[in-house]
Amino acid sequence: MNIGILLKEGPYNHQASDTAYKFAEAAIAKGHKVDAVFLYNDGVTNVTKLGDPPQDDRNVAARWSELAKKNDFKVLACIAASKRRGINDDVLIDGSEITGLGTLTDIAIRNDRLLTFGD
Amino acid sequence: MNIGILLKEGPYNHQASDTAYKFAEAAIAKGHKVDAVFLYNDGVTNVTKLGDPPQDDRNVAARWSELAKKNDFKVLACIAASKRRGINDDVLIDGSEITGLGTLTDIAIRNDRLLTFGD
Amino acid sequence: MDTDIKKIMHVMRRAPHGSIYTYEGLEMILIMAAYEQDLSLVFIGDGIYALKKNQDTTGIGIKGFSRTFMALDGYDVEKLYVDRQSLEERGLTEDDLVVDVEVMDASEIGRLMTEQDVVIHH
Amino acid sequence: MDTDIKKIMHVMRRAPHGSIYTYEGLEMILIMAAYEQDLSLVFIGDGIYALKKNQDTTGIGIKGFSRTFMALDGYDVEKLYVDRQSLEERGLTEDDLVVDVEVMDASEIGRLMTEQDVVIHH
Amino acid sequence: MLHTINKSPFENNTFTTCVRFLQPGDPILFIEDGVYAVQDGNRFGALIQSMLKKNNPVYALKPDIDARGISAVADGVRMVDYAGFVDLVEEHQVNSWL
Amino acid sequence: MLHTINKSPFENNTFTTCVRFLQPGDPILFIEDGVYAVQDGNRFGALIQSMLKKNNPVYALKPDIDARGISAVADGVRMVDYAGFVDLVEEHQVNSWL
């Protein structure tokens, strides 16, 4: 099964990013393909490399970056939502890109599932 | 009356920042003193200068910066909350600073009111 | 029917202005409309308030967007469904809304949901 | 009584883990506790769930914090009040909670609220 | 003590929870999405009237009412603008129910 | 169609709203704060049982149940881990009620 993920909340403040990550990991472990993770609303703040969480906590941005690189997908931040929230190319983690909502439409069209996580 | 403001949500995604701003403006217009605006939870993202909202929309960060400078108060972002969310000294607007929760305690103690805005 | 055409339903569930979800949802819909998929919008619960006539956002300093729903017709997005119970509970009728909608029972909307390839809540 | 001492009430209203509000609220309380003000914590609605025994967050990959409430005693934060109706509605009793609390009626908690200099909801 | 409510009562229980804690005379101010509570003719009208009868003044923030196209509010509800919000805060300590 | 619910039913009406739209056979999965709905002995037990009787299978995400210290769940509720969540998504299209 080919899966797209739409993530609508930022890291830490809501559990959405954690659940999406755990789901993506489990899907990959079962041999499914994660095609892309698309970030919308406050979700775009998942890919800033400026985050510096406590040592004993998870690093959400780094974790997405590693999962994306290892499994050959991108974490895509909506450009309009990113501009509102101060996310630009200079702050992006590896494995992420800024793109338009047309890309989300393509993801919705070409995959078997589009799963939404948010608040 | 001396007023402290605690703002717990980021700009655009929730109305909290807009209401806090309109309240602060009205309080100042009536001759009250806004002592400080303290940002907590996702609220810390109110002070990133990297935001680039559409031309026909309000610029929340710039607006806080101007109000703070003109009326001699600071917009203070909690350091622990900021680190989680990728806010650091390099991205701060003029008129804002990163500080600790002790400062919020001082604000709570020394003002007549501490008003909370959030989700 | 072209098998590449997907049925995509957008479900509006939040009041306008208190949060950005409905507005950014509408931005998403306007882009998707250009892709000639089978789009529908459903308004449930407080989502209906986004369609309320006579919204004047001048005082809160936030750009209004209720009129943007009127533009959907021009993008050939014509399937706008409103949950009857949500409408009635809020003391509203179709006359209170800025666009023409089809008022439906929840069971009917639920059946449409099961036919979708993608459902996105805003 | 020193007039510089302020009565500050923290109201916990959210379930743990689904959002960060209770956890970051607790971080705020721990700092404020060092300032020797008159602090109290009130648990209303889903806020009570933060005190539930036997939380094991290993599976969701988020650090648990229910035990941190036990540390409050060491900071001389001893006023922990729980709304009786919220507790009963959730089928819980004091024995289900990680710390000793005082269970109170809403009217009593409401009266305490009016005595505060500052009330912060998390 | 001034209580503020910013959530729609149709989706969220904040308003009905807050009411249980209100003390005699405490005013309540609806802001943001909270203002849907005072829309005339909805099912929260009875609760609003019972508050008014118990001498709990009910206010709504006019700019938020206007932004949402609410044309009529329940009897006895007073409208304030941001300046009026400031006045209420000057008169009362504040309890913001988020 | 698989419906997911991530909000506590005590504070938010998402669950009760979703139920009105469920079709016969549609499974429902509680995740995140949504799992409080299936805690044994709470007031949502009757609604859960009526769903089960109408052949709407009810699932809860075990890691979220454990994280919240929920020791007993209502009769008939099935537990899944993230792998089980993936299996449900493979069987059904998904409707995430945020």
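Excluded from the calculations below are hydrogen atoms, water molecules and symmetry mates; all remaining heavy atoms, backbone and side chain alike, are included. Chain identifiers are assigned alphabetically (A, B, ...) following the order of the sequence lines, protein sequences preceding nucleic acid strands; residue numbering begins at 1 within each chain.
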Quick one: does K6(D)'s side chain have a donor or acceptor within less than 3.5 Å of a partner on N111(B)'s backbone?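 Yes; judged by distance alone, with no hydrogens or angles, the pair exists.
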
Backbone N/O of N41(B) and side chain of Y21(D): donor-acceptor pair under 3.5 Å: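 No, the answer is negative, given that no donor and acceptor are paired below the 3.5 Å cut-off.
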
R14(D) portion near chain B, given a 4.5 angstrom heavy-atom threshold: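 Side chain only.
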
Where on H121(D) is there a heavy atom nearer than 4.5 Å to chain B: the side chain, the backbone, both, or neither?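 For H121(D), backbone heavy atoms alone lie under 4.5 Å from chain B.
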
Once you round to the nearest 0.5 Å, how far does [atom1] of [X] lie from [atom2] of [Y]?
X: I8(D); Y: I109(B); atom1: CD1; atom2: CD1; answer: 5.5 Å
X: Y40(B); Y: I120(D); atom1: OH; atom2: CD1; answer: 10.0 Å
X: L104(B); Y: I31(D); atom1: CG; atom2: CD1; answer: 10.5 Å

Among the listed options T116(B), T105(B), D42(B), the residue most often paired with chain D at heavy-atom distances under 4.5 Å: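 Of the candidates given, the most pairs with chain D belong to T105(B).
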
Does the pair R84(B)/E24(D) count as a salt bridge with the N-to-O cut at 4.0 Å?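 Salt bridge present between R84(B) and E24(D).
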
If you count heavy atoms of other groups shown closer than 6.0 angstrom to CD of E36(D), is the number above 12?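 Count not over threshold, so no.
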
